[in-house]
Amino acid sequence: MKDGRAERIRVSGVIQGVGFRPFVFREAEASGLKGWVKNTGDGVEIHVESLNPRAVPDFLASLEKNQPPLSKIETLSHAPAAFRGYRHFRILKSKPGAGVVFISPDIATCAACLEEIRDPAERRFGYAFTNCTDCGPRYTIVRSLPYDRPGTTMARFEMCPDCAREYGDPRDRRYHAQPIACPACGPHLTLKDARSGRRIPGGLEAAAELIRKGRVLAVKGIGGFHLMASAFDRTAVRRIRDIKQRKRKPLALMAPDLETAARAARIGPEEQALLLSARRPIVLLQSRGTLPLIAPHLREVGIMLPYTPLHALLLEKTGLVVATSSNPKDAPIMTEEKEGLADLCDAVLSHNRPIAMRADDSVLKASRRGTLFVRRARGYVPSPQAVPEFLKSRKTILALGGELKVAVSLYKDGSVVTSQFLGDLDDYRNFRYFEETVDHLKALFGAAPDIVVSDLHPDFRTTRYAQSLGLPHLQVQHHFAHVLAPLLEHGIQPRGQVLGVAFDGYGYGPGGEAWGGEFLLADYTAYERYAHLEDVPLPGGDLAARQPWRMAASYLQRAYGDAFPREALRGVGRAKIEAVAALMASGRPDLKTSSCGRLFDAVSFLCGLAPMTLEYEAEAAMRLEAAVSGQTRGRYPVAIRRRERPLTASFRPMIRRILEDLGRGVSAAWIAAKFHESLARLIVRIAETARKERGVEIVVLVGGVFLNRVLLERTETLLERNGFRVLRPVRYSPNDESLSLGQAAFALARAIPPASCPSGI
C-alpha cells in the first residue's frame, strides 16, 4: 500500500451533463485505477489511485486527450493525495458548491442515435426525441442548475424501466443523459390544422405529404418553430415570403444530407466541416443559381443539415426545404402555438416538450482565417469565454450590448458567458425576450451582478434598463467596445496600443455624433480617435439608412458641391432630389455621419445595385459584395488629410472616378471590385501611418461591415503582408452581437487594481 500512488484531480469547464463522469469511470476502469468521481458546485472532483506507477500519469493525459465530444475542459489541476486502498472505482453523489457550473450548448443528433432511429430492430426506431450524453438539447431545455432532470423541461416525463436502466448504467452512453426518452415514456408529436386546431392523423408521414403538396408547416424544434415548405415549390416559397413580409430578404434552407445541399450550392472543405459539425449552423455557401427565390440578388445561400431526430426523419421524406424561423417581422422566434402561430402556416407539427429558452439557428461563413459569425445562437451558446489572468476580477458583471443585434454577457469567477442573438430591441417583443434572457442567465449561473455596463447612447433601451437596476453603471463608447471584444476573446495583453478599425452603420460618438468609420488607438481602459472616414450629410436622419439614394446624393454633394449631377440618381424623382439637396445645403451639423455602412449604400446605389428602399439591414452592401467578380489590382483614389487630427479619409475623388467609369460603361462588377480594393488599401495606409507615428503592430478589424468576406479577407492579406498582426472576432460576430463582450472587458479593466491593468494611453 505504501508504494501506491494517489492523486486528487479537480476539473472545471463544460463538464456536467455531457457524459464526463461516465467517461472518467470508463477511463479509470480501463487503466485499472480505483477511487471515485463526483460533481461539485464548480466542476468535477476525482480521486484515483494505483500500485502501478504509470497508471495515474497515463490517466491524467487521457482526460484531456480523449474527453467526450460535448465537454470542454477549462482548468485541470491535480495534487498528491493519501492512498486509501479502494477496491473499486465509483461515481459518487454530487456535492453542492458555490462556483460556476457550465452546461453544453444544444448539440446535433450523433451518429449512434441516428443509426438507432433508422433501425427497425431498435426500440427507438422512428422516434423523434432520441438523444444520449453525446447529443441532444441542453441550453434550450434547462431551467436551473445543477443540470439534473428536475431542472429541465423533461421533468414532467417519468422514465420507463428501460430508460431508467440506461440512465443508471455508467457503461451506457445514456448514463445521466437528462433528456433521455423513448416512445414509451417521452415526448410525442402532434400534427394539427393551423386554423381549426383539428388533429391530423398520420404524424410525420402526413406532415411530409403536406409539404410535398405545397403547404407551409410550422415545425417545433428545440429552440422554437420553423416555417417549412418545399424549396422547389415557387408558390409555397412566395407564400412564406408573404407571411414573413420578406420580398427579398434571404431564406434559409435545410437539406436532408450533404449531397442534396451540394446540388443547391458549392461546398468547400471548410464549409463541409461546418455543415457536418455537431453545432449544425446555417452555413452561407456560393449558390448554384437553381433557386432564385431563396436569396434574390445575392450569390450566397444559407443551408443547414438536420440537427434533431425530428428534422432528420422529416427531411428524409421531403427533401430540400425552406426552414426559416416562425416569427412575425422583427419579433423573436416563437416557442408556443399560442403566440400567434396559426396566422403563419397551414398546419403545425408540434410536440409536448416545453422550450425553456428560445434560440435561433446560428449563421456563419467559412473564411480563410477561421469562421465568420453572422449570427451566434443555437449550438454555440452558452459556451464560456475564459478571461485572461490579468483581467480577472471578483466582481460579477452584466453587460447589455447596444440596441440592434443584441446579445448580453455575464462575467463571473473568471469566465464570460454571452447569450444567443436576441434581435433588435425596437420591438417590444424582443425587449421582453431580452429581459427573459438576462433573468435566465442570472438564475442559471447564480449571478448577482455588482456592475452593469451599457452603450454610451442615452436613449437605448439597454441604457435605460441598466439605469433601472440601481447598480454601479458604466457606459462604453460603441466602437471602443467593438475593439475590446477580440482582445478579450484572444486573451491579448498589448504592450501599448492597438489600432481598432471599427466599420459599421452607426454608433453614438462621445458628443452625440453619428460615428461608423473609425480608426481607434486603444487599450483596455481608454481610446483615442486616430482617424475616421469623412463626415458627410445624413439627409433625413434614419431615413438615409433605409433609402440608399439619399446617401448617394450625400456623397455626390460632397464630391461635386451643391450642383452635383442629379442624373446619377437614376430612378429618383426630381422633387425628391431637390428636397434632399436643400436639406444638405442647410448645413445642419447634427445630420452628418462617418459611417462606412452608409458609404457602401451610396456606392451600391450609384452602381445600380441597391433598390430605392432597403428591405433589410445591409441589403445594399450585400448586393455590392455579391457583384464583385474575380480580383482586381485596380483601385480608386482616396484622399487622407494628414494635417488634420484625427486623420480624415475623403472619398470625393473616388466618387468622381466611379461616375467617370459608369459614364464609360464600366460594369458594376468591376467598380465593386475596385471599391473593395480601395477600402482595404486605405486601411493599410492608415495602419502604416499609425505604426510610424505611434508604434502600432496589432490591427483589430471589427464592426458589421467586416461581415463582408471580400473586404475582410483582402484587408487581412494586405495587413499581414505588411507585417501587422491582425485580430478579429472568431467565436463571436463582428457585428453588434459582440458589443457586450467588449463592454465586459472594459468593466473588468476598471474593476481590477490600476497597477494590474494594461494601459498604454
Side-chain angles (χ1 to χ4, degrees), residues 106-111 113-120 122 124-131 135-137 140 179 181-183 186-194 199-233 236-237 239-240 251-261 263-264 275-276 280 282 302-326 333-335 337 341 344-353 355 361 378-379:
D106 304 293
I107 295 297
T109 313
C110 68
C113 285
L114 284 174
E115 187 176 339
E116 279 185 327
I117 65 174
R118 290 168 177 153
D119 185 351
E122 290 285 346
R124 291 185 175 88
F125 172 63
Y127 186 55
F129 305 94
T130 300
N131 66 85
C135 67
T140 52
C182 75
H188 60 266
L189 291 170
T190 305
L191 181 63
K192 297 178 183 177
D193 180 84
R199 196 183 187 100
I200 302 174
L204 271 173
E205 182 56 56
E209 180 63 18
L210 288 171
I211 289 176
R212 291 195 294 266
K213 287 181 176 179
R215 303 294 192 272
V216 175
L217 254 68
V219 179
K220 187 177 182 180
I222 57 176
F225 282 87
H226 283 113
L227 294 184
M228 288 191 176
S230 171
F232 301 102
D233 190 315
V237 174
R239 275 203 63 212
I240 283 188
L251 298 169
L253 299 173
M254 184 180 285
D257 49 49
L258 200 63
E259 292 71 27
T260 303
R263 288 196 286 273
L275 284 167
L276 294 173
R280 284 293 197 277
I282 297 171
I303 302 180
M304 60 184 151
L305 298 184
Y307 53 85
T308 73
L310 170 57
H311 293 130
L313 293 165
L314 182 62
L315 265 73
E316 283 177 355
K317 305 174 189 298
T318 63
L320 189 68
V321 297
V322 172
T324 185
S325 57
S326 60
I333 188 170
M334 292 180 174
T335 60
E337 295 170 51
L341 205 54
L344 303 179
C345 59
D346 299 308
V348 180
L349 182 62
S350 189
H351 58 75
N352 59 335
R353 183 179 66 202
I355 295 171
D361 297 309
R378 192 257 316 148

Can you check whether [X] reaches [Y] side chain to side chain, under 4.5 Å on heavy atoms?
X: I117; Y: L313; value: yes
X: L341; Y: V348; value: yes
X: V322; Y: L253; value: yes
X: L191; Y: R199; value: no
X: K220; Y: S350; value: yes
X: L227; Y: S325; value: no
X: L258; Y: L276; value: yes
X: T130; Y: T109; value: no

Heavy-atom closest contact ([X] atom, [Y] atom, distance):
X: P256; Y: G319; answer: CD-C, 3.7 Å
X: I333; Y: G224; answer: CD1-CA, 3.9 Å
X: P137; Y: P179; answer: O-CG, 3.6 Å
X: A206; Y: P201; answer: CB-O, 3.3 Å
X: M228; Y: I240; answer: C-CD1, 4.2 Å
X: A236; Y: G214; answer: CB-O, 3.5 Å

About how many Å separate [atom2] of [Y] and [atom1] of [X], when rounded to the nearest 0.5 Å?
X: C345; Y: K192; atom1: SG; atom2: NZ; value: 11.5 Å
X: E122; Y: C182; atom1: CD; atom2: SG; value: 12.0 Å
X: L314; Y: M254; atom1: CG; atom2: CE; value: 9.0 Å
X: I303; Y: L320; atom1: CD1; atom2: CG; value: 6.5 Å
X: L210; Y: L217; atom1: CG; atom2: CG; value: 5.5 Å
X: D257; Y: L305; atom1: CG; atom2: CG; value: 7.5 Å

(request) Apply side-chain contact (heavy atoms from CB on, under 4.5 Å) to the pair I222 and I355, showing each step before the final yes or no. (result) CA-CA 7 Å; I222 57 176; I355 295 171; over 6 Å; no

Mark yes or no for whether [X], through its side chain, and [Y], through its backbone, hold a donor-acceptor pair below 3.5 Å.
X: N352; Y: P187; answer: no
X: R378; Y: R280; answer: yes
X: R124; Y: N131; answer: no
X: D346; Y: V216; answer: yes

(request) Name all pairs fulfilling the side-chain hydrogen bond (donor to acceptor under 3.5 Å, both in side chains) condition that reach into residues 206-217, sequence neighbours left out, sorted by first residue then second. (result)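 Every pair satisfying side-chain hydrogen bond (donor to acceptor under 3.5 Å, both in side chains) with a residue in residues 206-217: E205-R212, E209-R212.
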
(message) My understanding is that only residues two or more places apart in sequence, or in another chain, count here; which of them pass ring-ring contact (aromatic ring centres under 6.0 Å, His included) with H311?
(response)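 ring-ring contact (aromatic ring centres under 6.0 Å, His included) check on H311 returns H226, Y307.
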
(request) Report the residues that fulfil ring-ring contact (aromatic ring centres under 6.0 Å, His included) with F129, sequence neighbours left out, ordered by chain and then residue number. (result)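 Scan of F129 (ring-ring contact (aromatic ring centres under 6.0 Å, His included), adjacent residues dropped) gives Y127, H351.
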
(request) Begin from the C-alpha positions of L349 and L204 and carry the test side-chain contact (heavy atoms from CB on, under 4.5 Å) through to its verdict. (result) CA-CA 8 Å; L349 182 62; L204 271 173; 4.0 Å; yes

